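Please read the structure below before turning to the comments.
Just so it is clear, the structure is predicted and the values come from calculations on it, not from any experiment.
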Amino acid sequence: MDTEEERLKGQAEIWQHMFAFADSMALKCAVELGIPDIINSHGGPITVSEIIDSLKTTPSSSPDDKNLTRTMRLLVRKGIFTSQFHQESNQVLYDLTPSSKWLLNDAKFNLSPMVSFILNPSTFQPWHLLGNSVKENSLAFDKTHGCNIFELASANPQYNQIFNDGMECTAKIVVDKMLINYKNGFNGIKSIVDVGGGTGSMIAEIIKANPHIEGINFDLPHVLDTAPDHPGVKHVGGDMFVDVPEADVVIMKWMMHAWSDENCVKALKNCYKAISKAQNGKVIIVDFVLRPDGTGLFDETGLAFDLLMMVNTGGKERTEVEWKMLLNSSGFPRYNIIEIPTLPSIIEAFPQ
């Protein structure tokens, strides 16, 4: 039988989980208002009044310092900002933390676009149908919007931009770690095709560090409509379920987790064909390797991403056992898993 202390703790935990959305919405508020950038531009701790004075407001708006103080209080509790009481001015001063430094728009690595994408109403609303998704084996995003996430992005330029910006900011983080922790993985390669490469930021960085490689950025035509030119990179529109351009290496970042096993096998078989003429061809998959009982920094986030895929795309995150089965079914009997210091890992798949 549970003790009274255990029951009380259980009650407290349910309340915390119930209001976890408030943490997300407060984070979104900070990003929308540009609070991290405002604090950073002052070069040190500032007051709520100074934050409000820096907000881009219209003549009809009147920001309330009390509302902002209450929001900042929660964000301080969650470690997004710090606060300290300044005796001389008799005011509370707020400053950045290692967390909020990841939200600075002028920083080399900035997760604000991903916050805006994940917490955008179009992305967030389908979560309300999670119960239906479990009960009916239905896709919550499609049921909410009447189309899948890629079709919505194709039809809605604003959402397409938010989607692409989110993917691009994570690509920058991932490719930076790849070029440090996997730089030898590009030795001896003459050509790479980035399948689902979005606006081409990842393949552009790889080619910049390896100018001897020919780069191909391969994605759906509507995605490439907003893709800028990159030196050494050719944009090619198409569908990975139909065909993949030939290259020595195929790379896919956060592509496989968006699809069912059946669709992944179809795409991977096309990747197999694309590298079939290469002497040392391989497929580089940059994705989660799910560890449900893991204690790593990103293992819990992996479980959340798994539900995100279930809600929004019908895909899933996979354990090493599931990756092995998927690769073997697609003609890749051999693989390596290389961990890098960020969310996903690198999975090298070899056709022999």
Side-chain angles (χ1 to χ4, degrees), residues 113-114 117 122-123 141-142 145-172 174-175 178 186 189-208 210-211 213-260 262-278 281-287 309 312-315 330 349:
M114 197 61 172
F117 167 62
S122 293
T123 312
F141 192 99
D142 293 31
H145 296 290
C147 62
N148 67 41
I149 191 169
F150 305 108
E151 290 168 340
L152 181 64
S154 178
N156 186 327
Q158 183 180 9
Y159 188 67
N160 185 50
Q161 188 67 53
I162 293 169
F163 181 97
N164 288 340
D165 288 348
M167 297 304 103
E168 183 176 348
C169 81
T170 58
K172 288 180 180 178
V174 169
V175 75
M178 285 185 69
F186 300 109
I189 294 172
K190 295 180 180 179
S191 59
I192 297 179
V193 56
D194 186 353
V195 174
T199 56
S201 61
M202 184 167 79
I203 188 67
E205 289 299 314
I206 292 173
I207 300 307
K208 183 179 178 181
N210 301 273
I213 298 177
E214 174 192 349
I216 300 170
N217 183 47
F218 181 69
D219 213 317
L220 297 169
H222 78 266
V223 176
L224 299 181
D225 285 344
T226 60
D229 291 333
H230 300 289
V233 176
K234 178 182 178 183
H235 295 299
V236 176
D239 186 338
M240 68 178 182
F241 297 118
V242 177
D243 196 21
V244 172
E246 289 186 2
D248 291 344
V249 169
V250 170
I251 187 168
M252 293 185 286
K253 179 190 79 74
W254 278 357
M255 286 297 296
M256 295 291 93
H257 74 169
W259 301 97
S260 67
E262 181 182 5
N263 279 327
C264 284
V265 168
K266 188 183 297 185
L268 283 169
K269 285 184 176 180
N270 285 334
C271 293
Y272 183 98
K273 293 177 185 176
I275 63 170
S276 61
K277 296 179 182 178
K282 62 182 175 181
V283 173
I284 301 171
I285 300 169
V286 186
D287 226 318
M309 293 301 104
N312 283 345
T313 70
S330 308

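- Not counting sequence neighbours, the partners of Y272 by the side-chain contact (heavy atoms from CB on, under 4.5 Å) test are F332, P351.
- Every residue two or more places apart in sequence or in another chain that forms a side-chain contact (heavy atoms from CB on, under 4.5 Å) with K208 is listed here: E205.
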Report, one line per pair, each donor and acceptor closer than 3.5 Å where one atom sits in a side chain of residues 218-225; sequence neighbours left out.
unit_1	atom_1	unit_2	atom_2	d
D219	OD2	G197	N	3.4
D219	OD2	G198	N	2.8

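- Contact of the M167 side chain with the M114 side chain is registered, since non-hydrogen atoms from C-beta on lie closer than 4.5 Å.
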Checklist entry - After noting the C-alpha distance and the side-chain angles of V174 and W254, does the key distance pass the side-chain contact (heavy atoms from CB on, under 4.5 Å) rule? => result CA-CA 10 Å; V174 169; W254 278 357; 5.6 Å; no

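- Of all heavy-atom pairs between S191 and A247, the closest is OG-CA, 3.3 Å.
- Sorted by first and then second residue, the salt bridge (Lys or Arg N to Asp or Glu O under 4.0 Å) pairs with a member in residues 238-249 read E246-K277; sequence neighbours excluded.
- Proximity of P228 to T199: side-chain heavy atoms (C-beta onward) are separated by under 4.5 Å at one or more points.
- When side chains are defined from C-beta on, I206 counts as touching I251, because their heavy atoms get closer than 4.5 Å.
- Here the straight-line distance linking atom CD1 of I285 with atom SG of C264 works out to 8.0 Å at 0.5 Å rounding.
- Screening V195, D287, V283 against M256 for a side chain to side chain contact (heavy atoms under 4.5 Å, CB included) leaves a single residue, D287.
- T313 places a side-chain N or O within 3.5 Å of a backbone atom of M309 that can act as its donor or acceptor partner.
- Pairs engaging residues 226-238 under the side-chain hydrogen bond (donor to acceptor under 3.5 Å, both in side chains) rule: N164-T226, N217-H235 [sequence neighbours left out].
- Of all heavy-atom pairs between M255 and G196, the closest is SD-CA, 3.6 Å.
- Counting only heavy atoms from C-beta outward, the side chains of E151 and D142 never approach each other to under 4.5 Å.
- N270 pairs by the side-chain contact (heavy atoms from CB on, under 4.5 Å) definition with V244, K273, not counting sequence neighbours.
- Contact annotation: the side chain of H145 never approaches that of Y159 to less than 4.5 Å [non-hydrogen atoms, C-beta and beyond].
- Across all their heavy atoms, I192 and I203 have their closest contact at CG2-CD1, 3.7 Å.
- Between I189 and K282, some side-chain heavy-atom pair lies under the 4.5 Å cut-off.
- Looking at every heavy atom in both residues, M252 comes nearest to V250 through CG-CG1, 4.2 Å.
- Listed for the N156 side chain is no donor-acceptor partner under 3.5 Å among the backbone atoms of L152.
- What you find for G166 and C169 is that their closest heavy atoms are O-SG, 3.3 Å.
- Between T123 and I162 there is no side-chain heavy-atom pair separated by less than 4.5 Å.
- Closest of all the heavy-atom pairs between F141 and C147 is CD2-O, 3.5 Å.
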